[in-house]
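The block underneath contains the structure these notes are about, expressed in structure tokens.
Chain letters run A, B, ... following the sequence lines, proteins first and then strands; every chain starts at 1.
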Number of protein chains: 2
Amino acid sequence: MTPASRRVLEAAGRLFYAHGIHAVGVDRIAAEAGVTKKTLYDRYGSKEQLVVEYLADRDERWRDFLGRRLEAVGEEPAARVLAVFDASHAWALERGGKGCGMVNAHAELSGPDHLAHPVVTGQKAWMLDLFTTLAAGLAPERREELGRALLLLHEGGLVAHGMGVFPEPLLCAREQARALLASV
Amino acid sequence: MTPASRRVLEAAGRLFYAHGIHAVGVDRIAAEAGVTKKTLYDRYGSKEQLVVEYLADRDERWRDFLGRRLEAVGEEPAARVLAVFDASHAWALERGGKGCGMVNAHAELSGPDHLAHPVVTGQKAWMLDLFTTLAAGLAPERREELGRALLLLHEGGLVAHGMGVFPEPLLCAREQARALLASV
DNA sequence: CCCACTTTAAACCGATCGGTATAGTCGTCT
DNA sequence: AGACGACTATACCGATCGGTTTAAAGTGGG
């Protein structure tokens, strides 16, 4: 990855997330990356491909961020679940002012045939699988139900944060998750 | 409201929701409404204003839809809470294939200075107030906490539905809401 | 030293964007 | 009859869209 292409991806990520994908043109991305459009197209080929790489990069950063937090918290399933909500809370504070980038992108992408569609749905499927796996360590017979419930709370927290419905919704979601797991 | 302006609003609502706001031009809206751009601009003045009226109209339809369902279910608070989830489930089936229109619009709108911003945040604030009021009828001392938890489950269900993470998420959210209220 | 690679600069393409202009038709209400 | 509001038709505006082109100027490794 060349220095210029890295700056392009950084600018694209910042602008796409802040203003939406359709609202940002490639000219602006190139300008803010300090790069010509030629360079941008040499590296990424098309805006659509740049969108795919933006989402894949954001997904990878999130999984790394979450992975480091899960490593630090140990093996106890309930603690790991709470660590997911804590990670989302921290993530939302530092680079998530507008809610979940995958959800926002999904709202703009036309249909399931878009190249970025599997990236978006893949993250949510991965999150559901993570919650379900953790739930299986607490109540194997209720793993499906608990995993889905945790995902609902998590997604709800992200949306509420993005729209500013009430303060610190991810900590509120974390508390509900704690109560839910305590009742098992 | 003239017949032409009604058709414009219908076409705008359908296209904005299905493809996103920035992805739909006024030419296409006018064409699908069977109307010239002149007529569209005579009635709505600008695309931005049309967006505002699209969201306000969708909000009004939702509140009417929900209001009729709440009327039919009686006065018992827990039953009314479940009726909200049932209403969202039914709404999502018939005109909500891409999740919450307000959340999707919020993802595309640049910032709090957009004319449509109060419409979007207003609906979420109204929903939080509704849940909190209903919760007050069950456990007045926990109304804030329960209202927020119900909102999280509800928003999570809408997002999960829009992205197709797992089937019938709003019924799953309803079941979690039922369990939450039963534990009070 | 050389060559392949990266990057810059600026002009250019057709298409579409939101928005406006002029002109004219139709039905309805006094 | 006449005025008025709703609407159609079409052409146009400057700006921006995604994308391409041609040129020249660094840059690092073999």
Side-chain angles (χ1 to χ4, degrees), chain A residues 1-57 104-105 107-111 113-117 119, chain B residues 1-57 104-105 107-111 113-117 119:
Chain A
M1 203 177 206
T2 66
S5 73
R6 205 178 304 271
R7 294 203 309 273
V8 168
L9 194 56
E10 178 278 327
R14 180 167 38 83
L15 294 171
F16 283 155
Y17 180 72
H19 308 293
I21 291 171
H22 287 302
V24 176
V26 289
D27 295 86
R28 183 169 176 197
I29 296 172
E32 296 215 13
V35 153
T36 58
K37 288 207 290 176
K38 175 82 164 74
T39 302
L40 189 155
Y41 275 94
D42 283 347
R43 299 282 151 256
Y44 295 97
S46 69
K47 180 182 179 180
E48 185 172 14
Q49 191 57 40
L50 179 57
V51 169
V52 173
E53 308 233 23
Y54 147 61
L55 291 170
D57 179 66
N104 293 352
E108 291 198 69
L109 271 34
S110 38
D113 46 342
H114 194 286
L115 290 179
H117 196 265
V119 179
Chain B
M1 203 177 210
T2 67
S5 72
R6 204 177 304 272
R7 293 202 310 273
V8 168
L9 194 57
E10 178 277 327
R14 179 168 39 82
L15 294 170
F16 282 155
Y17 180 72
H19 307 293
I21 291 171
H22 286 303
V24 176
V26 290
D27 296 85
R28 182 169 176 197
I29 295 172
E32 296 214 12
V35 153
T36 58
K37 286 209 291 176
K38 177 79 163 70
T39 302
L40 189 155
Y41 274 94
D42 283 347
R43 301 282 152 248
Y44 294 98
S46 70
K47 180 181 181 180
E48 184 172 14
Q49 190 58 40
L50 179 58
V51 170
V52 173
E53 308 233 22
Y54 147 60
L55 291 170
D57 179 67
N104 293 351
E108 292 198 69
L109 272 34
S110 37
D113 46 343
H114 195 287
L115 291 179
H117 197 264
V119 180

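- A heavy atom lying under 4.0 Å from DNA chain C marks none of the residues of residues 5-12 of chain B.
- Regarding Tyr41(A), its OH atom lies at a distance of 11 Å from the P atom of dC17(D), rounded to whole Å.
- Note that CG of Leu115(A) and CD of Glu53(A) are 11.0 Å apart. Values are rounded to the nearest 0.5 Å.
- The shortest side-chain heavy-atom distance between Met1(B) and Leu9(B) falls under the 4.5 Å cut-off.
- Between Val8(A) and Thr39(A) the shortest side-chain heavy-atom distance does not fall below 4.5 Å.
- For the atom pair Tyr41(A) OH and Gln49(A) CD, the distance stands at 12.0 Å (nearest 0.5 Å).
- Between atom CD of residue Glu108(B) and atom NE2 of residue His22(A) there is a gap of 7.0 Å, rounded to the nearest 0.5 Å.
- In this structure, the side chains of His19(B) and Arg28(B) come closer than 4.5 Å at one or more pairs of heavy atoms.
- In this structure, Val52(B) and Tyr44(B) have side chains that are not in contact, with every pair of non-hydrogen atoms separated by 4.5 Å or more.
- Spacing between atom CG of Leu40(B) and atom C1' of dT20(C) amounts to 13 Å, rounded to whole angstrom units.
- Under the ring pair (Phe, Tyr, Trp, His ring centres under 6.0 Å) criterion, His117(A) pairs with His106(A), not counting sequence neighbours.
- Side-chain N/O atoms of Thr2(A) include one lying less than 4.0 angstrom from OP1 or OP2 on dT7(C).
- Screening residues 3-17 of chain B for side chain to side chain donor-acceptor pair (under 3.5 Å), with sequence neighbours left out, gives Thr2(B)-Ser5(B), Glu10(B)-Arg14(B), Arg14(B)-Glu32(B).
- For the contact set between residues 42-51 of chain B and DNA chain C, defined by any heavy atom under 4.0 Å, the members are Ser46(B), Lys47(B).
- Contact annotation: Thr39(A) side-chain N/O to dT6(C) OP1/OP2 distance is not under 4.0 Å.
- Taking every heavy atom of residues 22-37 of chain A and every atom of DNA chain C, pairs under 4.0 Å involve Gly34(A), Val35(A), Thr36(A), by number.
- Looking only at side-chain heavy atoms (C-beta outward), Ile29(A) and Leu50(A) come within less than 4.5 Å of each other.
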Expected string for nucleotides 21-30 of chain C under the B/S/- scheme (protein heavy atoms, under 4.0 Å, primed atoms plus P, OP1, OP2 as sugar-phosphate) is BB--------
